[in-house]
Amino acid sequence: MHPALVPVVDRRAPAGPEQWDALWQALADGALDRGDALALLASLTAALPEEDSLLAMVDALDRRRPARPATPWAGTVNVVGTGGGPPTVNLSTAAALVAAACGVRVVKSGSRAHTARTGSIDLLDRLGASFATSFDQASRHLDTHGIAFTGPFVYPVQLARLALLAVPTPMRVFGRFLNTLGPFLAAVPVSAQVTGVSGGRVPPALRALASRPGSPATWLVTNPLGADELLSMCDNTLHLPDGGTFTLRAGELVPAGGTPDDLAPVPREAAAEHFRSVLTGRAGGPLRATLQLNAAALALASGHRDDWAKAVAEAGAALDDGAALDLLERLRGADRAG
């Protein structure tokens with residue numbers, strides 16, 4: 001085992017900035033081998049580092065990022081969940097489109113599937129819709145369409161290097177770690193973020209990541225069913241940037257019927273067509289109600305709206321009048337250059 005890896009996986013004492021810097025430098029220098037990569041990924045998947053060490057890890061990754069826009073995109077919200085919980089269709093991707101059709105400036109960061117049946121990038125490929133490959137292109141998509149889907153460029157390159165070192169072991173083996181930290185590793189220059197946290201509670205380490213200096217104003221969403229989105233059939237708790245919480249009661253804004261089975265994904269080959277039907281609001285009452293709640297949360301978090309009932313009603317209208325589906329069709333064939 002490379003010496004730089006020892007304090008990180010040993011955990012008898014928290015790994016600090018110097019230890020993480022040494023580890024990422026060893027990775028950049030090509031001094032780590034496959035066994036080192038597997039040991040690191042397995043350690044992170046088994047249990048996240050304690051809070052101070054986790055913050056030091058993310059700070060060390062940030063110091064190695066290329067330049068990004070110095071000024072956040074005002075009034076823009078990123079939506080991304082931690083994965084896990086009951087399997088669902090791509091709710092955050094659909095909610096992003098519904099919210100954007102209502103005039104909310106939305107970024108949807110995401111990746112290929114690690115644990116889900118179809119990741120957001122996988123789905124966009126099947127739909128023929130573009131995702132941005134640079135900050136400049138994402139900014140153009142926002143200005144043109146009110147929405148931008150960001151590809152892998154917003155994530156630390158160190159993850160891709162570890163994945164290459166780990167071959168032939170697939171990264172889905174380490175999907176738990178990648179999904180949990182992914183929302184807090186995406187360098188998206190937005191002013192707000194809505195992140196669903198699976199498991200029904202927010203670990204203190206994730207609260208610390210969400211409130212790091214320079215981070216967007218982040219809403220963390222939990223519910224007793226363990227999903228990483230707002231669900232219409234149960235109460236939902238929103239953990240707000242000021243440290244307070246707000247509970248959306250089931251049935252308060254949308255009908256509360258149904259179960260998570262009504263939100264379940266379909267086989268991969270049917271995902272694109274099913275997703276289009278979701279955007280019409282005709283894929284079932286629980287799906288429609290859940291989409292309305294999630295789109296409304298984006299409207300509130302971004303500052304586009306300050307009234308939940310109005311935001312929910314607008315989301316319903318965007319489903320009924322075809323605005324959300326029309327937006328998806330406009331994104332098809334948008335340029336991928338840049």
Report yes or no: do Ser130 and Arg332 form a side-chain donor-acceptor pair below 3.5 Å? no

Salt bridge present between Asp59 and Arg64 (N-O < 4.0 angstrom): no

Is Val190 close to Val77 at the side-chain level, that is, under 4.5 Å between some pair of heavy atoms? no

In Å, rounded to the nearest 0.5 Å, how long is the span from OG1 of Thr93 to NZ of Lys108? 4.5 Å

In the structure I gave you, are the side-chain heavy atoms of Leu287 and His274 within less than 4.5 Å of one another anywhere? yes

Between Glu229 and Val221, does the side chain to side chain contact (heavy atoms under 4.5 Å, CB included) criterion hold? Intermediate values first, please. CA-CA 7 Å; Glu229 298 100 356; Val221 176; over 6 Å; no

Side chain to side chain contact (heavy atoms under 4.5 Å, CB included) between Trp24 and Leu61, intermediate numbers included: CA-CA 8 Å; Trp24 299 133; Leu61 288 171; 3.4 Å; yes

Salt-bridge contact Arg105-Asp143 (side-chain N to carboxylate O under 4.0 Å): yes

Has Glu18 got more than 12 heavy atoms of other residues, nucleotides or ligands less than 6.0 Å from its CD? no

Verify same cluster id: Leu225, Val194 (apolar side-chain graph, 4.5 Å): yes

Do side-chain atoms of Ser215 reach the backbone of Arg212 as a donor and acceptor pair under 3.5 angstrom? yes

Would you give the length of the straight line joining atom CH2 of Trp308 to atom CG of Leu238, rounded to the nearest 0.5 angstrom? 5.0 Å

Judged by atom type as modelled, is there a donor-acceptor pair below 3.5 Å linking the side chain of Gln19 to the main-chain atoms of Gly16? yes

Any non-hydrogen side-chain atom of Met171 less than 4.5 Å from a side-chain atom of Leu41? yes

Apply side chain to side chain contact (heavy atoms under 4.5 Å, CB included) to Val58 and Leu209, showing your working. CA-CA 8 Å; Val58 176; Leu209 285 177; 3.7 Å; yes

Contacts of Phe135 meeting ring-ring contact (aromatic ring centres under 6.0 Å, His included) (sequence neighbours excluded), chain-then-number -> Phe153

What do the steps show when you test Thr169 against Arg34 for side-chain hydrogen bond (donor to acceptor under 3.5 Å, both in side chains), and what is the final call? CA-CA 10 Å; Thr169 303; Arg34 180 171 181 266; 2.7 Å; yes

Is there side-chain contact between Val8 and Ser43, with at least one heavy-atom pair below 4.5 Å? no

Are side-chain heavy atoms of Thr290 and Leu230 found at a separation under 4.5 Å? no

Check whether any side-chain heavy atom of Leu165 lies under 4.5 Å from a side-chain heavy atom of Asp36, and answer yes or no. no

Checking Ser109 against Asn78: is there a side-chain donor and acceptor pair closer than 3.5 Å? yes

Taking atom CZ of Arg282 as the centre, does the number of heavy atoms from other residues, nucleotides or ligands within less than 6.0 Å exceed 12? no

Rounded to the nearest 0.5 Å, how far does CE of Met1 lie from CG of Leu32? 10.5 Å

Distance only, no hydrogens: is a donor on one side chain within 3.5 Å (strictly under) of an acceptor on the other, for Gln25 and Asp29? yes

Nearest non-hydrogen partners of Ser191 and Pro72, listed with the distance: N-CB, 4.4 Å

Path from Leu44 to Val173 over hydrophobic side-chain contacts below 4.5 Å: yes

Give me the atom names and distance for the closest heavy-atom approach of Leu279 to Leu319. O-CD2, 3.3 Å

Check: Leu23 and Leu5 side chains under 4.5 Å, non-hydrogen atoms: yes

Within this structure, what is the CG-NE2 distance for the pair Leu206 and His239, rounded to the nearest 0.5 Å? 11.0 Å

Please determine whether side chain to side chain contact (heavy atoms under 4.5 Å, CB included) holds for the pair Asn179 and Asp228, giving the CA-CA distance in whole Å, both sets of side-chain angles, and the decisive distance to 0.1 Å. CA-CA 11 Å; Asn179 283 341; Asp228 68 339; over 6 Å; no

With the 4.5 Å side-chain cut-off for hydrophobic clustering, are Val80 and Phe131 part of the same group? no

Hey, are Arg12 and Asp10 close enough for a salt bridge, meaning a charged N less than 4.0 Å from a carboxylate O? yes

Side-chain heavy atoms under 4.5 angstrom apart, residues restricted to Ile, Leu, Val, Met, Phe, Trp, Tyr: same cluster for Val6 and Leu40? yes

Criterion side-chain contact (heavy atoms from CB on, under 4.5 Å) against Phe149, the qualifying member of Val106, Val107, Leu123, Leu97: Leu97

Calculate, to the nearest 0.5 Å, the distance between atoms NE2 and OG1 belonging to His304 and Thr76 respectively. 11.5 Å

Please check if the side chain of Asn223 supplies one atom and the backbone of Ala227 the other of a donor-acceptor pair under 3.5 Å. yes

Closest approach of Thr245 and Thr237, non-hydrogen atoms and distance? CB-CG2, 4.1 Å

Between Glu329 and Arg276, is the closest basic N to carboxylate O distance under 4.0 Å? yes

Report, as yes or no, whether the 6.0 Å neighbourhood of atom CG on Asp306 holds more than 12 heavy atoms from other residues, nucleotides or ligands. no

If I take atom CG from residue Leu185 and atom CG from residue Leu178, how far apart are they, to the nearest 0.5 angstrom? 9.0 Å

Identify every side-chain donor-acceptor pair in residues 246-255 under 3.5 Å, counting partners at least two apart or on other chains, and give the distances.
from, atom 1, to, atom 2, distance (Å)
Arg249, NH1, Asp235, OD2, 3.0
Glu252, OE1, Arg249, N, 3.2

Restricting to non-hydrogen atoms, name the atom on Ala101 and the atom on Leu327 that form the minimum distance, rounded to 0.1 Å. N-CD2, 3.9 Å

For a quick test of reading the model, state the closest non-hydrogen atom pair linking Gly85 to Ser198 and the distance between them. N-CB, 3.8 Å

Would you call Arg65 and Asp62 a salt bridge, using N to O less than 4.0 angstrom? yes

Backbone N/O of Val312 and side chain of Gln292: donor-acceptor pair under 3.5 Å: yes

Measuring only between side-chain heavy atoms, which start at C-beta, is Thr218 closer than 4.5 Å to Pro241? no

Same cluster or not: Leu162 versus Leu38, using hydrophobic residues (I, L, V, M, F, W, Y) connected whenever any side-chain heavy atoms lie under 4.5 Å apart? yes

Here the pair of heavy atoms bringing Glu314 nearest to Cys102 is O-SG, 3.4 Å

Go through the side-chain N and O atoms of Arg11 and Ser53 and say whether any donor and acceptor fall under 3.5 Å apart. no

Quick one about Arg330 and His145 (side-chain donor to acceptor, distance below 3.5 Å, no hydrogens or angles considered), yes or no? no

